[in-house]
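Take a look at the structure below.
The first residue of the sequence shown is numbered 1, and numbering continues consecutively from there.
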Amino acid sequence: EVSDKPFAIGKYEVSIGDWSKYCALSGRCKPETDKEKRNDPQTGISLQQMNEFTQWLSERTGKTYRIPKKAEWDYAANAGGVQPKKDVNCRLELNGKVLKGTGIASVKSGKDNGWGLRNYVGNVQELTEDAGGTTAAGGAYSDAHSKCDITLQRPHNGSADETTGFRLLLEEVG
C-alpha cells in the first residue's frame, strides 16, 4: 500500500530557514529575519502554501517533491520497527507543572529512527495528503506525552495553525 516506486523523505521537518529561502527566491512570501528561528519547523502556513512550495521546488530542481501520503509517512516513521527510546517533544506534566512540550524545538533535535528521521513524533504534527483526505500525523508538542506516537493521527482541514508543519517527499529516487 505504500508505493511501488522508490522514494525519499526528508530527515527533518521543513524549517523556517528552508521556507525563508523559498520566500526570498520566489518573492511569494516574506522571509523570517530572526536567525534564532531558522531551525524551528515552519508552521502557520496552509496545505495550499505547502503544495505551492513543493511545486516551486519541483520546477526549480527538475525533481518531483510533494507532501507524503499517509501510508508513505507511516512507512518512513515506522522504519521497519527500529525506534529510539521515547524522548519526544510532547507535553509532560508533573503536579500541574509542564516539564516538556512547552513549545516548538529545533528540527535537528531529537533522536533518529532506524532510517534517520527526526521529530516525526511530537514537536509539530505533520500533514499527509491522499485520496482519503488530509491527515496530521505524529502529534505535536501540545499533545500528551502518553499519547504521542506514530499512531497519533487526526483529520486536518489543511488550514494554517501553530502546531502543524510538513516534511518533503522526493519521488522516484534510486
| note | OG1 of Thr43 to CD of Glu13, rounded to nearest 0.5 Å, is 10.0 Å
| message | Determine whether a donor-acceptor pair (N or O, by modelled atom type, separation under 3.5 Å) exists between the side chain of Ser26 and the backbone of Arg28. | response | yes
| task | Examine distances only and state if a side-chain atom of Asp40 and a backbone atom of Ile16 form a donor-acceptor pair shorter than 3.5 Å. | result | no
| query | Taking ILVMFWY side chains as joined if any heavy atoms are under 4.5 angstrom apart, and letting links pass through other members, which residues group with Leu25? | reply | Val14, Trp19, Tyr22, Ile45, Leu47, Met50, Phe53, Trp56, Leu57, Tyr65, Ile67, Leu127, Phe166, Leu168, Leu170, Val173
| task | Verify, without hydrogens or angle tests, whether Lys100 (side chain) and Leu92 (backbone) share a donor-acceptor contact under 3.5 angstrom. | result | no
| query | If you link I, L, V, M, F, W and Y whenever their side-chain heavy atoms are under 4.5 Å apart, who else ends up in the same group as Val107? | reply | Tyr12
| For Val98, which fellow cluster members are found when Ile, Leu, Val, Met, Phe, Trp and Tyr are connected by side-chain heavy-atom distances below 4.5 angstrom, either directly or through intermediates? | none
| message | Within this structure, what is the OG1-CD distance for the pair Thr163 and Glu126, rounded to the nearest 0.5 Å? | response | 12.0 Å
| field | Test item: Thr128 side-chain N/O and Lys69 main-chain N/O as donor-acceptor pair under 3.5 Å | value | no
| Residues Lys70 and Asp130 bridged, charged N to O under 4.0 Å | no
| Contacts of Gln83 that satisfy side chain to side chain donor-acceptor pair (under 3.5 Å) - sequence neighbours left out | Tyr120
| field | ILVMFWY cluster membership beyond Leu99 - transitive side-chain contacts under 4.5 angstrom | value | Leu94
| query | When hydrophobic residues are tied together by side-chain contacts of less than 4.5 Å, even through go-betweens, does Ile9 share a cluster with Ile150? | reply | yes
| said: Any side-chain to backbone donor/acceptor pair from Asn119 onto Ser109? Under 3.5 Å, distance only. | reply: yes
| Gap separating the NE2 atom of His156 from the OG atom of Ser46, nearest 0.5 angstrom | 10.0 Å
| Atom NZ of Lys111 and atom CG of Leu117: how far apart are they, to the nearest 0.5 Å? | 16.0 Å
| field | Side chain to side chain, Glu171 and Lys5, heavy atoms closer than 4.5 Å | value | no
| What pair of heavy atoms forms the shortest contact from Pro68 to Arg167, and how long is it? | CD-O, 3.2 Å
| note | The side-chain contact (heavy atoms from CB on, under 4.5 Å) partner of Val121 among Leu152, Asp87, Val88, Asn113 is Val88
| said: For Lys37, I'd like to know if atom NZ has over 12 heavy atoms of other residues, nucleotides or ligands within 6.0 Å. | reply: no
| query | Is the number of heavy atoms from other residues, nucleotides or ligands within 6.0 Å of CD (Glu93) greater than 12? | reply | yes
| task | Indicate yes or no for a side-chain donor-acceptor contact from Asn78 to the backbone of Gly80 under 3.5 Å, with no hydrogens or angles considered. | result | no
| request: State whether the side chain of Asp18 and the backbone N or O of Ser15 hold a donor-acceptor pair below 3.5 Å, judged by distance alone. | output: yes
| Intermediate values then yes/no, side chain to side chain contact (heavy atoms under 4.5 Å, CB included), Asp74 and Gln153 | CA-CA 10 Å; Asp74 289 345; Gln153 300 186 5; 2.6 Å; yes
| query | Pick one: which of Gln55, Glu129, Glu72 meets side-chain hydrogen bond (donor to acceptor under 3.5 Å, both in side chains) with Arg66? | reply | Glu72
| message | Checking the side chain of Thr164 only, and the main-chain atoms of Asp161 only, is there a donor and an acceptor separated by less than 3.5 Å? | response | no
For a quick test of your reading: what N or O donor-acceptor pairs under 3.5 Å do the side chains of residues 141-149 make, sequence neighbours left out?
{"residue": "Asp143", "atom": "OD1", "partner": "Arg154", "partner atom": "NH2", "Å": "2.9"}
{"residue": "Asp143", "atom": "OD2", "partner": "Ala140", "partner atom": "N", "Å": "2.7"}
{"residue": "Asp143", "atom": "OD2", "partner": "Arg154", "partner atom": "NH1", "Å": "3.4"}
{"residue": "Asp149", "atom": "OD1", "partner": "Thr151", "partner atom": "N", "Å": "2.8"}
{"residue": "Asp149", "atom": "OD1", "partner": "Thr151", "partner atom": "OG1", "Å": "2.5"}

| request: Any chance you could measure Ser106, atom OG, to Glu36, atom CD, to the nearest 0.5 Å? | output: 11.5 Å
| task | Identify the heavy atoms of Gln49 and Gly44 that sit nearest to each other, and give their distance. | result | OE1-O, 4.5 Å
| task | Assess the side chains of Glu32 and Ser20: does a donor N or O sit below 3.5 Å from an acceptor N or O? | result | no
| Closest approach of Ala105 and Pro41, non-hydrogen atoms and distance? | O-CD, 3.2 Å
| query | Got a second to check how far Lys63's NZ is from Glu172's CD, nearest 0.5 Å? | reply | 12.0 Å
